[in-house]
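The structure appears right after this line, and notes come after that.
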Amino acid sequence: MDLEVEAGEAVSVMGPSGCGKSTLLHLLGGLERPDAGELYLGGVRVDGLSETRWAVFRRRNVGFVFQAFHLVDELTAVENVELPALLVGGSRRAARRRAMELLDRLGVAGRAGHLPDRLSGGEQQRVAVARALVNEPLVLLADEPTGNLDSRATGEILRLFGELGQAGQALLTVTHDARVASTADRLLTMRDGAIVAQTRLGAGTSVAGLLASLADLAGER
Amino acid sequence: MRRPGLAVRLAARNLRRRPGQALLLLLTPTIATGVLGVALSLYGSADEPWNRTWRATEGFHVAFTVYHPPDEAGDRALVDTLRRRATQLTGAPGVVAVGGPRSHLYGSIRLAGGTEDLTAEVRDPGPYQVDQPLVTSGRWLGEGGGVVLESGLAATLRAGPGDTVTIQGRPFPVRGVAQTVSRGRFPLSRPAQVWVTPETARQLRALGMTEEGFELQLRLADPARAADFAAAHRSLEAVPSSSSVVPYLETWQQRRSESHSDIDILAGTLFAAGTLIAILAVATASVLIAGRMAAQIRQVGTLKAVGVTPRQVMLVLLVEHLAVAAAATAVGLGIGRLLAPPIAATSVTLLGRPEPPPLTVTRVLIVAAVAVAVVLLGTVRPALRGIRQSTLRSLAAGPRPPRHPGRLAGLAARAGMPLPGVLGLRSAWRRPGRLATNATGLALGVAMIVVALALRDSVELLQLRPPEPGHAASDAAVAVLYDQIRAVIFGTAGLLLVLATINAWIVATFAARDAARNQAVLRAVGATPRQTVIALIVSQLAACAIAVALGIPLGLGLWRLMEGGDLPEVHLSATSLVLLAAAVPVAFAVIVSVPARLLARQPVAPLLAYE
């Protein structure tokens, strides 16, 4: 696999279950170690970093949105969101302010003091997105970030993701949702652990067109 | 579950799936049942050898003994009166044979290292209807004088027929060595004893031996009624309160019990130790079973999903844990049967080879009850929780989510506590049920460490005085018993520490397992492995702090209860308690850090997929 993502670029990854999409995100975020190859983030080679260096690098430069949310279930929604900000050494007051801004933006500020177990799946998803964005990371790695959301919440998250590019932040989104995939600059299609197609998506790419091209791709295979 | 075989198969599979945990679960009650098994096997292990000698020597059923302190002014008239009363006793209903009254002379015998108080019992050459001492070497009393040594005295002196012993400063030839149940074995039972003829007794009186009293021995038609016979003749014991003469009636059962009191003391010490260990084992098993249940929740959910009722799920859990209890009972009793004879054999009081008493239903039930209590007390709460939990929740199988937002961690954060510490405090405080379980288990561990410290100090108090004149050898014999008790106490303290450590280890490993997902999430958002280790340690130290606060007073209270027995009074210093309060969290932090570090070394992604 040879993949390069520019600063500010949004890339969607699609493919059947088990093709390695989530593993790709884990490798890019240092949650799994590659057996071979090289990995650079922001010009820094990171594949050989120790666990501790990876953690320090990750807290500043990588945001994760997991398919299963993975909120810390002992922390309230706002505490989950402010956690990465506190880890980079920010003040509690500033971290809390930033966390509340994001939760407000995502429509869950009213649930800020609740533990994850008391939040719906969609609310947990939005808290997870807020947490990933709180440190304005170099790259955001999102695994099915809208899988549990209704149309309105999905729209808000996509708008938020759209702002990342303007700030020079890269976005890699694993999704099964063609509407989400169509908002990216580029679409990667994966199968059996490899990228089998790359499609540059223009501003006028429609969902229907995207689905048609994916169907063509599946037919060729 | 119509076929109990399915419950057995599922239970067996559960045990086999996690053999390490199953072994630990077996080990925990087995330490308690093993110690109790030894204690119960020791009780009475010297009875049968004593009974054999008793039967072989036509041993007494009731003895009337009059003791007159040799160094006190004489009350000879009273002793003579009591001797006449004793003669009347020989015609009492139920008496079938009479031995004596036999006079006792008081003096001293020379041993290596000093002298020892000596009783010489005066007898004609016999034979006797009651208490015919069993000659183990040489000859019994007869023509030519000399003395016959009680076998324990002979063993201590390493003397036998043909040797001479020095009594009242004069050598006397040893005619033989004999065993009896009339007196306990020297040196634990003192004074030392020899048998002499009336002629030799005259020589001894001339050398300064004084009248010490006499003993009349009776055999009854029904030996089982010895206590009733003694009770019916208690009036014989009446003497003026100002008198120094001590008359007493004693049954053969009482004499047997006193004859090997060292073994009974040892058994009693072991029984107390086993009880303490069982208390801690309950705590250890609770934590262990709660952890195992957390791991089995998904299986419980699956069983319920396919239609198994909560009662049937409970049956599977009961079978699983009762099997462990049964194994612990069997192993404990086996250990008892194996170890009791060699322990009893160290006693100087034995009249032959020790034999553990037969396994009575009562003894088996005592050990089984401890094993079942240890295992089931730990099973009930987590089992009920697992069964009551909804099937869907059980199938999700993650650790139970916390219920309450905490405030303490917020205060700690405002006070400037580093983030890992704050995270640890949040984790601890938001799971009050787990905090309470862990704190209770650890508190019992701390309490037992306090008891172990007190036991250690009590050992120091068992130091003997320097041997006194007249007690040269018997003090050494008591020292042997004290050495045994010391070994039991140190062993108990060691086992308590081992169990407390196992307890802490189980708490730590299950805490690490439950925290695995959250730790991985923390690392995914940028916490370093070191920070996650600290967070986990802090989360467990909260339980440890509560345990120290509760465990030290609990341990002191337990020790106060124990002191009511035979143990010497011990006051643990404030310094040692403060050191303990400081050392326990440090030791616990070290224990927790091991699974925490192992967890921190694992890659994040598989841990996130853990649930």
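Chain A is the first sequence line, chain B the second, and so forth, proteins listed ahead of strands; every chain is numbered from 1. Source: prediction; values computed, not measured.
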Using a 6.0 Å cut-off, check whether atom CZ of Arg530(B) has over 12 heavy atoms from anything other than its own residue.
no
Just wondering, are more than 12 heavy atoms of other shown residues or ligands nearer than 6.0 Å to CZ in Arg45(A)?
yes
Tell me which of these, Val56(A), Leu71(A), Asn135(A), has more heavy-atom pairs under 4.5 Å with chain B than the rest.
Leu71(A)
Where on Phe66(A) is there a heavy atom nearer than 4.5 Å to chain B: the side chain, the backbone, both, or neither?
side chain
Decide yes or no for Pro116(A) and Asn80(A): does some side-chain heavy atom of the first lie under 4.5 Å from some side-chain heavy atom of the second?
yes
Portion of Arg131(A) that has a non-hydrogen atom of chain B nearer than 4.5 angstrom:
side chain
Go through the atoms of Gln531(B) and report whether side chain, backbone, both or neither lie under 4.5 Å from a heavy atom of chain A.
side chain
Look at atom CG of Asp192(A) and say whether more than 12 heavy atoms of other residues, nucleotides or ligands are closer to it than 6.0 Å.
no
